[in-house]
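Source: prediction; values computed, not measured. Every number for a ligand or one of its atoms is a count from 1 in the order of the listing.
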Amino acid sequence: MWGGRFAEGPSAIMREINASIPFDKALWRQDIAGSRAHVAMLAAQDIVGAEDARAIDEGLQTIAAEYERDGVPEDWDLEDIHMTVESRLAELVGPVAGRLHTARSRNDQVATDFRLWMREAMLRAEAGIEALQRALVGRAQEHAETIMPGFTHLQTAQPVTLGHHLLAYYEMTRRDRSRFADARARMDECPLGSAALAGTGFPIDREATARALDFARPTRNSLDAVSDRDFAMDYLAAASQCAIHLSRLAEELIIWASQPFGFVRMPDTLSTGSSIMPQKKNPDAAELVRGHAGRIIGCATALMVTMKGLPLAYSKDMQDDKPPVFEAAGLLDLCLAAAAGMIADSRFEVARMRQAAELGYATATDLADWLVREADIPFREAHHITGTAVRLAESRGVALDALSLDEFKGIDSRIDERVFAALSVDASVAARASYGGTAPDQVRQRVAEARSELGMD
Ligand code: ARG
């Protein structure tokens with residue numbers, strides 16, 4: 001393709017280091033779509049004759065059918081998907097194939113192909129998130145009243161409802177989804193026609209190719225258009241953030257599934273056994289979601305580091321943009337599906353969760369709040385009184401509400417029998433009915449909002 005300028009062909013090392021076909025063959029659909037839009041525009045502008053354009057377009061359709069059937073051949077001498085398609089086109093339609101590359105460079109071609117691929121990956125991520133959200137909201141509705149310990153520092157803090165806890169992940173994934181949608185809106189500009197870096201002298205119609213490829217408009221600066229990989233970094237940043245959330249969810253499920261916790265039984269279908277310990281059921285899917293998050297963040301780092309030192313416009317370093325994006329996208333799709341499956345099919349051990357909330361002095365804050373409300377004691381003093389009560393209960397190995405009224409009065413005479421009503425975990429969560437709080441009523445309201453956001457009704 002550039003043999004005219006060279007006396008010698010590339011060395012074996014050059015061929016190997018240069019070849020991107022092993023991975024960029026994933027772009028074949030986008031490449032053929034881009035070429036078809038380009039040649040149609042060239043014909044409409046009278047840059048290529050109608051006859052030639054038709055031959056080229058038919059050739060491209062034949063290639064698509066071949067790749068669909070047999071896969072894409074990998075010939076390192078052809079470097080990348082763009083040359084692979086073009087050389088097959090020459091075999092099929094002869095020298096007229098050479099007219100396709102008029103007013104185009106592989107630089108704007110790859111930028112276009114990659115955006116088209118990226119747009120689908122973003123839509124796939126959004127759909128994967130939505131499936132997870134439906135599972136979260138469904139389980140939250142089911143468990144609006146299920147009581148569990150809420151934690152800070154992984155120490156029992158205050159009782160919460162499981163529905164509230166699950167809806168926390170709904171909020172995170174809502175932000176994740178909007179990040180992909182934002183990124184998609186931002187990359188809605190077509191680089192095709194920017195050519196190598198400076199645009200072209202041919203009278204092309206960039207609006208037409210942008211429209212044909214379903215972009216809102218053409219990019220406005222040819223140098224930026226062929227150098228820009230922001231859309232890929234936007235994707236990787238959004239994927240990293242999403243993976244961080246999935247990893248935290250996975251981490252919680254792993255903890256909850258451990259025997260000392262026993263809050264959840266993971267589905268058999270997303271667990272593995274041990275070859276030596278017959279009793280084992282390991283949460284491998286959750287662990288791999290946690291592990292894959294690290295790899296996704298690594299992919300984001302890889303592309304950012306690749307891009308940070310590049311002068312305008314295209315440099316071959318940019319060919320390395322694809323492997324981390326393809327890897328991250330494959331991992332994210334898997335993690336989202338695994339997370340949705342774990343949420344949809346886990347069994348929550350409701351009795352065990354309640355018991356843990358009851359045994360962990362989770363309602364100590366409620367006692368302090370009661371002292372403030374009913375006995376008009378300043379919160380700091382109430383905190384101190386409550387601490388004394390917890391110490392006594394702990395030394396006797398009983399829950400707070402197992403202390404007798406006499407014992408409470410011995411700690412502070414202003415306590416009366418009404419205190420017991422405030423010490424139950426049910427009273428505790430019901431009391432936290434502030435907007436966005438854990439009370440079952442609040443959870444049900446948030447579930448209703450989420451269901452309507454997701455079109456679940
Ligand atoms: N395979 C190349 C890539 O992915 C295509 C662009 C090549 N452009 C060039 N001037 N060598 O970046």
Task: Identity and separation of the nearest protein heavy atom to atom 12 (O) of ligand 1 - done: Y314 OH, 2.3 Å
Open item on the list: Which of the numbered atoms in ligand 1 are under 4.0 angstrom from any heavy atom belonging to Q319?
Closed with: 1 (N), 2 (C), 3 (C), 4 (O), 12 (O)
- [ ] Within a distance under 4.0 Å of any heavy atom of S20, pick out the atoms of ligand 1 and give their elements.
- [x] 1 (N)
Open item on the list: Could you tell me if the side chain of D366 sits less than 4.5 Å from the side chain of R432, heavy atoms only?
Closed with: yes
Task: Partner of H165 by ring pair (Phe, Tyr, Trp, His ring centres under 6.0 Å), out of F151, Y170, W256 - done: W256
TODO: Provide the number and element of each atom of ligand 1 under 4.0 Å from a heavy atom of D80.
DONE: 1 (N), 2 (C), 5 (C)
Open item on the list: Could you tell me if the side chain of Q109 sits less than 4.5 Å from the side chain of H38, heavy atoms only?
Closed with: no
- [ ] Evaluate side chain to side chain donor-acceptor pair (under 3.5 Å) for D320 paired with T306, printing each intermediate quantity in order.
- [x] CA-CA 8 Å; D320 281 341; T306 296; 5.5 Å; no
- [ ] State whether the number of non-hydrogen atoms from other residues, nucleotides or ligands found under 6.0 Å of L359 atom CG is greater than 12.
- [x] yes
Open item on the list: Below 4.0 Å, non-hydrogen atoms only: which portion of K322 touches ligand 1? Side chain, backbone, both or neither.
Closed with: side chain
Task: Closest protein heavy atom (residue, atom, distance) for atom 8 (N) of ligand 1 - done: N107 OD1, 2.8 Å
Task: H82, portion touching ligand 1 at heavy-atom distance under 4.0 Å - done: side chain
Task: Geometric cation-pi criterion, R119 with F215: 6.0 Å, 45° - done: yes
